[in-house]
> 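There's a structure below that I have some questions on.
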2 protein chains.
Amino acid sequence: MSICVVRQGACVRWTKANSLEVRGKSGQGQALAQSHIRDPKKNRRLLVQATLDSVAEAGIAETTVSAIIKRAGLSRGMIHLHFGGKDGLIVAAAEAFGEEYYSEMDRQLALVSGDPASVVRAVIRADLSPEILNRRSAAIWHGFRGEARTNPAIARFSDTRDRRLRLMVFNAFDALLNTNPQDQDRELANEVTLGALALLEGMWTDYMTHPNAFSRDTANRIILRFLNGVVPGAFPVEQSGI
Amino acid sequence: MSICVVRQGACVRWTKANSLEVRGKSGQGQALAQSHIRDPKKNRRLLVQATLDSVAEAGIAETTVSAIIKRAGLSRGMIHLHFGGKDGLIVAAAEAFGEEYYSEMDRQLALVSGDPASVVRAVIRADLSPEILNRRSAAIWHGFRGEARTNPAIARFSDTRDRRLRLMVFNAFDALLNTNPQDQDRELANEVTLGALALLEGMWTDYMTHPNAFSRDTANRIILRFLNGVVPGAFPVEQSGI
DNA sequence: ATACTTAATGGACGATCGTCCATTTCAGAA
DNA sequence: TTCTGAAATGGACGATCGTCCATTAAGTAT
């Protein structure tokens with residue numbers, strides 16, 4: 001759309017951001033692809049995606065302003081314009097990542113019937129699915145989690161994200177274990193929930209450190225085997241998993 | 001020992017590194033505390049510890065040369081002198097951290113009788129003990145694990161560390177499950193091992209993100225409960241844990 | 001066409017990064 | 001004491017960090 005004229009020998013390439021192609025990734029194109037009508041938030045999303053890609057490939061430390069704008073094909077000032085600074089962009093990227101996670105999780109859970117064991121099975125399967133657990137997401141999640149220790153904004157987001165998943169799993173185990181309500185049963189449900197989530201966390205870590213040796217089927221089967229041990233019979237382990 | 005004379009107004013403090021006090025932390029003082037005889041590797045250790053402390057408190061990204069030498073009370077050039085550069089120091093710090101981990105793990109395991117279930121119990125208890133799992137170690141471990149994706153030297157160290165722990169646990173489960181040797185049992189032992197380690201990983205993550213809400217007893221009890229499910233009766237869960 | 005608002009640019013800026021090395025300090029030998 | 005080699009120092013250096021803003025480009029209203 002606009003060729004950056006070589007002035008003082010600085011810019012030599014197309015600014016890809018303004019080309020007409022519309023990234024069809026998240027299919028929400030609400031008549032945005034029409035000829036001149038530009039998406040007013042396109043560059044915002046472009047910067048957020050570039051940030052996430054950079055965090056995934058190069059890590060948080062290497063995700064500099066220069067690296068981000070190079071990926072996005074935009075100019076330096078855009079970050080300050082849209083997010084007030086780099087920190088604002090990082091937080092926005094963390095939020096966007098959380099939305100990616102939960103929108104896919106919800107999509108996969110929407111197809112599942114309501115009995116508690118099925119919900120748990122579906123959560124585990126979804127959390128290990130290629131759409132949710134992949135090199136990009138594992139690296140991003142690890143990076144942001146580390147950042148959460150220092151950055152309060154990210155810590156808050158990270159917490160709420162965790163809480164929602166925990167509540168979902170807890171409710172399932174609560175319904176599964178509490179045929180007649182009792183306090184120690186509720187405590188048991190809480191412990192089983194923590195254990196299940198710890199197993200998932202550990203699998204994510206395992207995947208991140210050894211993505212090639214990792215098997216989703218095996219991970220899924222192991223978790224079901226462990227859950228079937230604490231809630232006997234509720235999670236029969238099939239021979240071939242996912 | 002040496003006051004840095006104010007020259008060009010740069011240095012105004014004692015260089016703490018050369019004061020006579022000997023850090024009694026790792027009690028290996030082999031006659032080093034005697035009057036003039038200086039420990040030739042004191043500054044190496046000082047830099048490594050300063051690096052680990054910085055990684056623990058401020059994260060990998062904030063662990064700069066300036067931050068490290070400020071903590072160590074040494075001068076800029078020491079890092080280049082002893083480690084060839086910052087990267088060398090980071091790797092040395094990762095190795096030192098691994099040694100800290102395993103020396104403490106070995107110390108705690110040395111007291112344990114040899115039956116497999118006791119070994120597993122001891123590994124879990126040790127891995128969750130305050131000496132091994134604390135804010136410092138959790139933050140350091142998380143930081144280095146993220147760095148391992150990019151830094152081959154750290155990846156290699158990180159891998160060998162993991163492998164040793166895994167082998168230890170696997171052998172225990174193998175002995176526990178294989179009364180008469182069979183292939184599918186060996187596969188089962190492998191899966192139980194992966195699950196147990198994933199549980200520990202998850203607990204470490206949980207501790208790192210919520211150190212105040214974390215309970216070592218609860219974590220220990222949860223893991224034993226899950227293990228008792230997959231190896232029935234081998235890990236009876238007491239009412240009050242660790 | 002002209003004026004005006006918003007989006008976007010990219011270079012300037014001071015701060016800080018890690019590396020390197022000329023110099024100084026120090027302990028032990030001569 | 002003087003000499004010598006190693007240990008230690010801290011400032012110089014170019015590179016790169018994130019921020020900021022004067023300027024240009026694009027879109028809309030008059």
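Just so you know, these numbers come straight off a predicted model, no measurement behind them. Computation of the quantities below employed the complete heavy-atom set of this structure, encompassing side-chain atoms and omitting hydrogens, waters and symmetry-equivalent molecules. Order of the sequence lines sets the chain letters (A, B, ...), proteins ahead of strands, with each chain counted from 1.
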> Is any side-chain N or O of H82(A) closer than 4.0 Å to OP1 or OP2 of dA7(C)?
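Checking H82(A) against dA7(C): no side-chain N or O falls below 4.0 Å of OP1 or OP2.
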> What residue pairs, at least two apart or across chains, pass side-chain hydrogen bond (donor to acceptor under 3.5 Å, both in side chains) with a residue in residues 76-95 of chain B?
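Residue pairs passing side-chain hydrogen bond (donor to acceptor under 3.5 Å, both in side chains), neighbours aside: S66(B)-R76(B).
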> Without decimals, in angstroms, what is the distance between L89(B) CG and dG18(C) C1'?
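Nearest whole value for this atom pair: 12 Å.
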> To the nearest Å, how far apart are K70(B) NZ and dC17(C) P?
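Interatomic distance, NZ of K70(B) to P of dC17(C): 11 Å.
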> For E131(B), enumerate each residue passing the salt bridge (charged side-chain N to carboxylate O under 4.0 Å, His left out) test, keeping only those at least two apart in sequence or located in another chain.
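Per chain and number, E131(B) pairs via salt bridge (charged side-chain N to carboxylate O under 4.0 Å, His left out) with no residue.
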> When the distance from CG of L81(B) to P of dA22(C) is rounded to whole Å, what number comes out?
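From L81(B) CG to dA22(C) P: 15 Å.
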> Going by the rule side-chain hydrogen bond (donor to acceptor under 3.5 Å, both in side chains), which residues pair with S54(B) if we only count those two or more places apart in sequence or in a different chain?
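Once residues adjacent in sequence are excluded, the partners of S54(B) under the side-chain hydrogen bond (donor to acceptor under 3.5 Å, both in side chains) criterion are T63(B).
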> Looking at S75(A), does any N or O in its side chain come under 4.0 Å of the phosphate oxygens OP1/OP2 on dT9(C)?
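Answer is yes, contact under 4.0 Å.
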> For M78(B) and dG18(C), what is the distance between atoms CE and P respectively, to the nearest whole Å?
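So the two atoms are 17 Å apart, to the nearest Å.
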> Without decimals, in angstroms, what is the distance between K41(B) NZ and dA6(D) P?
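Spelled out: NZ on K41(B) to P on dA6(D) is 17 Å.
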> In whole angstrom, what separates I79(A)'s CD1 from dG18(D)'s C1'?
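Going from CD1 in I79(A) over to C1' in dG18(D) covers 9 Å.
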> Can you sort out the partners of A126(A) under side chain to side chain contact (heavy atoms under 4.5 Å, CB included), two or more places apart, ordered by chain and number?
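If we apply the side chain to side chain contact (heavy atoms under 4.5 Å, CB included) test to A126(A), skipping adjacent residues, the hits are M105(A), Q108(A), I132(A).
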> Not counting sequence neighbours, which residues clear side chain to side chain contact (heavy atoms under 4.5 Å, CB included) with N190(B)? List them please.
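Per chain and number, N190(B) pairs via side chain to side chain contact (heavy atoms under 4.5 Å, CB included) with F170(B), E187(B), L194(B).
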> Tell me the interatomic distance from K86(B), atom NZ, to dT16(D), atom C1', rounded to whole angstroms.
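Value for this atom pair: 13 Å.
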> Is the shortest side-chain N/O distance from N43(A) to OP1 or OP2 of dA8(C) below 4.0 Å?
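For dA8(C), OP1 or OP2 has a side-chain N or O of N43(A) closer than 4.0 Å.
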> Contacts to DNA chain C from residues 142-157 of chain B, heavy-atom cutoff under 4.0 Å, which residues?
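When residues 142-157 of chain B is checked for heavy atoms under 4.0 Å from DNA chain C, there are no hits whatsoever.
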> Can you name the side-chain hydrogen bond (donor to acceptor under 3.5 Å, both in side chains) partners of N171(A), sequence neighbours left out?
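Applying side-chain hydrogen bond (donor to acceptor under 3.5 Å, both in side chains) to N171(A) gives none.
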> Could you check whether any side-chain N or O of R156(B) sits under 3.5 Å from a backbone N or O of A148(B), counting only pairs where one atom can act as donor and the other as acceptor?
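Answer holds: no.
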> By the side-chain hydrogen bond (donor to acceptor under 3.5 Å, both in side chains) test, which pairs, at least two apart or in different chains, include something from residues 197-213 of chain A?
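Sorted pair list: D127(A)-W204(A), R135(A)-N212(A), R145(A)-E201(A), H210(A)-D159(B).
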> Do any N or O atoms of the protein come closer than 3.5 Å to N or O atoms of nucleotides 20-22 of chain D, and which pairs are they?
from    : atom 1 : to     : atom 2 : distance (Å)
dC20(D) : OP2    : H80(A) : NE2    : 3.3

> For DNA chain D, which residues in residues 58-66 of chain A have a heavy atom at a distance below 4.0 Å?
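By residue number: T64(A), V65(A), S66(A).
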> What I'd like to find out is whether the side chain of F144(A) reaches to under 4.5 Å of the side chain of I90(A), using heavy atoms alone.
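Yes, their side chains come closer than 4.5 Å.
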> Quick one: list whatever passes salt bridge (charged side-chain N to carboxylate O under 4.0 Å, His left out) with E191(B), sequence neighbours left out.
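Result, salt bridge (charged side-chain N to carboxylate O under 4.0 Å, His left out) vs E191(B): R221(A), R225(A).
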> Figure out the CD1/P separation between I90(A) and dC17(D), and round it to whole Å.
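The answer, rounded to whole Å, is 13 Å.
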> I need the full list of salt bridge (Lys or Arg N to Asp or Glu O under 4.0 Å) pairs touching residues 101-112 of chain A, with sequence neighbours left out, sorted by first then second residue.
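Applying salt bridge (Lys or Arg N to Asp or Glu O under 4.0 Å) to every pair that reaches into residues 101-112 of chain A, excluding sequence neighbours, yields E104(A)-R107(A), D106(A)-R164(A).
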